[in-house]
Amino acid sequence: VQLQASGGGLVQAGGSLRLSCAASGRTFRAFAMAWFRQAPGKEREIVAAISWSGGTTHYADSVKGRFTISRDNAKNTVYLQMNSLKPEDTAVYYCAAARGSLSYTSRDYAYWGQGTLVTVSS
């Protein structure tokens, strides 16, 4: 599966952005999907993950209550709605796909998008 992330940009603190990740192929619903991010000088970390059906989600503590992950299997797309953005949310955001069950670790995700930059100004 090939992934194409979009929707990043520059936003002021307190603002919102919605990231999208479009997947190619007809087996999108077989994959758990996730968003990771990597800030300059920091390791890549999971932001949110969603099961193939959308029935199970997971969020990093730092984004709980502010970010929402969702998916539309008919459109082969996963979304990340980001509200109340903070300067510490600044990072390159990556979408990733893992065949099978939802996972919290990057090594379980075999397919990665190219990343989209989110910059939150104070």
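If you read the sequence from its start, that first residue is 1, and numbering goes on from there. Basis for what follows: all heavy atoms, side chains included, without hydrogens, waters or symmetry-related copies.
- Distance alone, capped at 3.5 Å, places no donor-acceptor pair between the Ser84 side chain and the Arg66 backbone.
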Review item, side-chain donor-acceptor pairs of residues 114-122, under 3.5 Å, at least two apart:
unit_1: Gln114; atom_1: OE1; unit_2: Ala5; atom_2: N; d: 3.2
unit_1: Gln114; atom_1: NE2; unit_2: Ala5; atom_2: O; d: 2.8
unit_1: Thr116; atom_1: OG1; unit_2: Gly8; atom_2: N; d: 3.0

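- With sequence neighbours excluded, the residues forming a side-chain hydrogen bond (donor to acceptor under 3.5 Å, both in side chains) with Ser16 are Asn83, listed by chain and number.
- You'll find the side chain of Leu3 reaches within 4.5 Å of the side chain of Met33, heavy atoms only.
- Among pairs with a residue in residues 67-80, none fulfils salt bridge (charged side-chain N to carboxylate O under 4.0 Å, His left out), at least two apart in sequence or across chains.
- Rounding to the nearest 0.5 Å gives a distance of 9.5 Å between CD of Gln38 and CD of Glu45.
- Under the 4.5 Å side-chain heavy-atom criterion for Ile, Leu, Val, Met, Phe, Trp and Tyr, Val78 and Val92 are members of distinct hydrophobic clusters.
- When hydrophobic clusters are built by joining Ile, Leu, Val, Met, Phe, Trp and Tyr residues whose side-chain heavy atoms come closer than 4.5 Å, directly or via intermediates, Val47 is not grouped with Phe36.
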Note to self: Set out, in order, the CA-CA distance, both residues' side-chain angles and the distance that settles side-chain contact (heavy atoms from CB on, under 4.5 Å) for Trp112 and Arg44, then state yes or no.
What the structure shows: CA-CA 13 Å; Trp112 292 81; Arg44 189 173 298 186; 3.2 Å; yes
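- For Tyr94, the side-chain hydrogen bond (donor to acceptor under 3.5 Å, both in side chains) test picks out no residue, with sequence neighbours left out.
- Sorted by first and then second residue, the salt bridge (charged side-chain N to carboxylate O under 4.0 Å, His left out) pairs involving residues 110-122 (not counting sequence neighbours) form an empty list.
- In this structure, the separation between OH on Tyr79 and CD1 on Ile50 is 11.5 Å, given to the nearest 0.5 Å.
- Residue pairs meeting the disulfide bond (SG atoms under 2.5 Å apart) criterion with at least one member in residues 92-122, sequence neighbours excluded, are Cys21-Cys95.
- Both Val63 and Leu19 are members of a single hydrophobic cluster when ILVMFWY side chains are connected at heavy-atom separations under 4.5 Å.
- Every side-chain contact (heavy atoms from CB on, under 4.5 Å) that Ala22 has, sequence neighbours left out, goes to Thr77.
- Partners of Ser62 according to the side-chain hydrogen bond (donor to acceptor under 3.5 Å, both in side chains) rule, which considers only residues two or more places apart in sequence or in another chain, are Arg37.
- Scanning all heavy atoms of the two residues, the minimum distance from Ile46 to Ala34 falls at CD1-CB, 4.5 Å.
- Annotation: the span from Thr57 atom OG1 to Phe67 atom CZ amounts to 14.5 Å, rounded to 0.5 Å.
- Applying the ring-ring contact (aromatic ring centres under 6.0 Å, His included) test to Phe31 and every residue at least two apart in sequence or in another chain returns Tyr111.
- The salt bridge (charged side-chain N to carboxylate O under 4.0 Å, His left out) contacts involving residues 54-63 comprise Asp61-Lys64, where partners must be two or more places apart or lie in separate chains.
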Please output the side-chain donor-acceptor pairs of residues 96-105 that fall under 3.5 Å, not counting sequence neighbours, one pair per line with the distance.
unit_1: Ser103; atom_1: OG; unit_2: Thr105; atom_2: N; d: 3.2
unit_1: Ser103; atom_1: OG; unit_2: Thr105; atom_2: OG1; d: 3.3
unit_1: Ser103; atom_1: OG; unit_2: Asp108; atom_2: OD2; d: 2.5
unit_1: Thr105; atom_1: OG1; unit_2: Asp108; atom_2: OD2; d: 2.8

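- For the side chain to side chain contact (heavy atoms under 4.5 Å, CB included) criterion with Val11, the lone passing option out of Asp89, Leu85, Thr90 is Leu85.
- Separating the CG atom in Leu80 from the OH atom in Tyr93 is a distance of 7.5 Å, to the nearest 0.5 Å.
- When all heavy atoms of Trp52 and Ala30 are compared, the pair lying nearest together is CB-C, 4.4 Å.
- Contacts of Thr68 classified as side-chain contact (heavy atoms from CB on, under 4.5 Å), with partners at least two apart in sequence or in another chain: Tyr59, Gln81.
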